[in-house]
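Input: a single structure, listed below in structure tokens.
Numbering starts at 1 and runs along the sequence shown. The structure displayed is predicted, hence computed values, not measured ones.
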Amino acid sequence: MSKKYTILIIDDLSSSVKMIESFLREYNVISAKSGVEGLLLAQEHHPDLILLDVIMPKMSGFEVCEILKSDEELKDIPVIFLTTCNRRYDIDKSFDIGAFDYITKPISGKALRAKIHAVFSILDRIKLRKIEEYDQKSEANDIFVKGMSHNFNNMFGGIIGMAQLLENLQVDEPKVKRYARMIRITSENGAKLVSQLLEFSQRSDFVFERVDIAKVLERAINFITEVNSKIEIKTLYAANRNMVIGDAEKLFHVFRNLLINANEAMGDNPELIIRTKNQVLKDVQVSKYGISPGEYLKISIQDNGYGISEEIMGKIYEPFFSTSDLSEAKGLGLAEARGIIQGHHGSIDHANRAEGGAEFNIFLPLGKPLKSALRSDSIKEALVPLGKILLVDDEDISLLFAQEMLRKSGYRVETAVNGEEALKLYKENGGEFDLVLTDIIMPVMNGIELAEGLKEFDVNVKIIFMTGHSIDLEGKNVDFVKAVMKKPFRGAEIINVINNVLNS
């Protein structure tokens, strides 16, 4: 068995308990001499199985079982009754109140072990089935969310691009620019919301690298002091190790939002205390946080505000929950923060401070990298000779926008609507393209297949991926791809990235 199960014996006879313990040396065994003591141990240890004597003073086994089955946290623990009685009435009653099985004394060690093994085999199969069902649902949800991401980001990218082109038109009617700006800003807000939903569901792209959390916290502190210069901030950094494997921008987003929330919750003499320390979390501790045992960096953000009321204490991580007026509430709030932290294999929790105010604790794992991700180099301003670009996208509106932006910037552009058409065009031109800018998700031949075909034909090909999809490129043979642009993007962004790649 992969897990050493815990069995609780509730029996008032010490001799009976010792005998049963001798039969069950392969398990963790705890025991109680009364029903009351047994219930307390069940609440404390949450055993995997309870062996329960029927006839005991003060509280019978039947009464104990009825209390167990009425408790939401304990009701699913299987119970096997042990008794010298073999009356039909007792057997029927045991099953009526929820027992799993019934064994009469004197107990055979071989028979007892066989019944217990059967119980745990059934539980393992149930657990495995639940995991399989969850994985199937999770896979279906992943497909749906990623597909939604791709479609919405393509749609918003096209709208934003068209609005930019309208804004840049030289027209006499001022309303055209104003309306185009409104379209662009609204679409950018929609695209941001799609990104937040992906953060919340932990399906967005993370760019993992070595991150100094002290530096990220300093950025967040500088931000909040610009918002409110009256805040007194104390930093108590006790951690010897501040480096984690994470996405610096997303972690900054979490810290900034927590400081903004704290600022809004404090009164005339605002005070923030920010602490860090290294902490080893063991099995008992991590069960509370839903993370794996190991060494963590703990970041605590404490304020002297009004605290969190009991009525909203359990709601603050719900998507779109806000204590603000609905007209002022925007985005996913703390739900997004939790999604980001969980995406780093960490945990976030909260509590009210005894001295007043609230406290948020974040645990981020220290140690081996969580994953790798293909990322673009930092965008640099550079002067480069203009060249010829092969642009590949199956979305008409995205293709038109990118084509217009590239031509306005002085590039010569050829277009294709799928990978197969692009590969044919590249070969027909003898590879006389300075760069291939391609979407990833396309019919006929996708962007990854296109990149592999181009590399086989021309080892010096330069490729930039565009994608509105949340996609993991780990394990794909595309190390030669120079950058990845996340849709939607603005015209200036794509031009800067192209310049950077061509100048490298």
Side-chain angles (χ1 to χ4, degrees), residues 150 153-166 168-169 374 376-377 379 382-469 471 473 476-504:
H150 175 68
N153 280 329
N154 272 338
M155 191 168 25
F156 283 127
I159 296 170
I160 292 168
M162 292 298 104
Q164 283 182 252
L165 294 176
L166 284 174
N168 293 331
L169 288 178
L374 185 65
S376 61
D377 294 328
I379 297 172
L383 294 174
V384 296
L386 302 186
K388 187 177 180 181
I389 294 177
L390 175 55
L391 175 64
V392 192
D393 201 319
D394 62 311
E395 294 282 344
D396 290 343
I397 192 168
S398 298
L399 193 69
L400 177 59
F401 161 60
Q403 183 181 17
E404 285 294 312
M405 291 304 302
L406 293 171
R407 285 179 174 168
K408 282 180 178 291
S409 299
Y411 291 101
R412 290 171 292 146
V413 183
E414 295 283 344
T415 63
V417 296
N418 59 58
E420 187 178 274
E421 183 180 319
L423 185 58
K424 181 181 178 183
L425 190 59
Y426 193 90
K427 290 179 177 179
E428 287 175 351
N429 281 265
E432 295 298 318
F433 287 97
D434 298 283
L435 178 75
V436 177
L437 181 63
T438 179
D439 193 22
I440 294 179
I441 307 299
M442 295 181 295
V444 185
M445 178 187 287
N446 65 41
I448 294 173
E449 293 168 333
L450 168 61
E452 291 169 346
L454 290 171
K455 183 66 175 179
E456 189 175 333
F457 179 77
D458 179 5
V459 294
N460 297 314
V461 64
K462 292 186 176 181
I463 301 169
I464 294 176
F465 277 153
M466 307 180 290
T467 180
H469 212 293
I471 191 164
L473 296 174
K476 303 289 192 303
N477 186 25
V478 290
D479 293 341
F480 53 88
V481 173
K482 302 300 182 181
V484 179
M485 289 293 294
K486 190 74 169 62
K487 293 180 179 180
F489 45 74
R490 302 189 68 173
E493 292 178 75
I494 194 169
I495 296 303
N496 281 337
V497 172
I498 287 171
N499 287 350
N500 187 41
V501 168
L502 291 178
N503 197 43
S504 62

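Counting heavy-atom neighbours within 6.0 Å of Glu456 CD, excluding the residue itself, gives a total of 12 or less. Annotation: Glu420, atom CD; neighbour count of heavy atoms from other residues, nucleotides and ligands within 6.0 Å does not exceed 12.
Across all non-hydrogen atoms, the minimal contact from Glu449 to Asn446 is N-OD1, 2.8 Å. Across all non-hydrogen atoms, the minimal contact from Gly447 to Thr438 is CA-OG1, 4.2 Å. Smallest separation of non-hydrogen atoms from Glu414 and Leu425: CB-CD2, 4.0 Å. Nearest heavy atoms, Met445 versus Leu423: CE-CD2, 4.3 Å. Looking at every heavy atom in both residues, Ala416 comes nearest to Leu399 through O-CD1, 4.1 Å. Closest non-hydrogen pair, Ala402 versus Leu391, comes out as CB-CD2, 3.7 Å.
With rounding to the nearest 0.5 Å, the separation of NZ in Lys455 from CD in Glu452 is 12.0 Å. Expressed to the nearest 0.5 Å, how far NZ of Lys482 lies from CG of Leu437 amounts to 15.0 Å.
Contact annotation: the side chain of Leu435 never approaches that of Tyr411 to less than 4.5 Å [non-hydrogen atoms, C-beta and beyond]. Counting only heavy atoms from C-beta outward, the side chains of Asp394 and Asn418 never approach each other to under 4.5 Å. Contact annotation: the side chain of Ile448 approaches that of Ile440 to within less than 4.5 Å [non-hydrogen atoms, C-beta and beyond].
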Derivation of the side-chain contact (heavy atoms from CB on, under 4.5 Å) call for Leu406 and Ile498 | CA-CA 10 Å; Leu406 293 171; Ile498 287 171; 3.3 Å; yes
Test log, rule side-chain contact (heavy atoms from CB on, under 4.5 Å), inputs Asp439 and Val392 | CA-CA 6 Å; Asp439 193 22; Val392 192; over 6 Å; no
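Legend: residues meeting side chain to side chain donor-acceptor pair (under 3.5 Å) with Asp458, ordered by chain and number and at least two apart, are Tyr426.
Asp434 places a side-chain N or O within donor-acceptor distance of the main-chain N or O of Lys388, the cut-off being under 3.5 Å.
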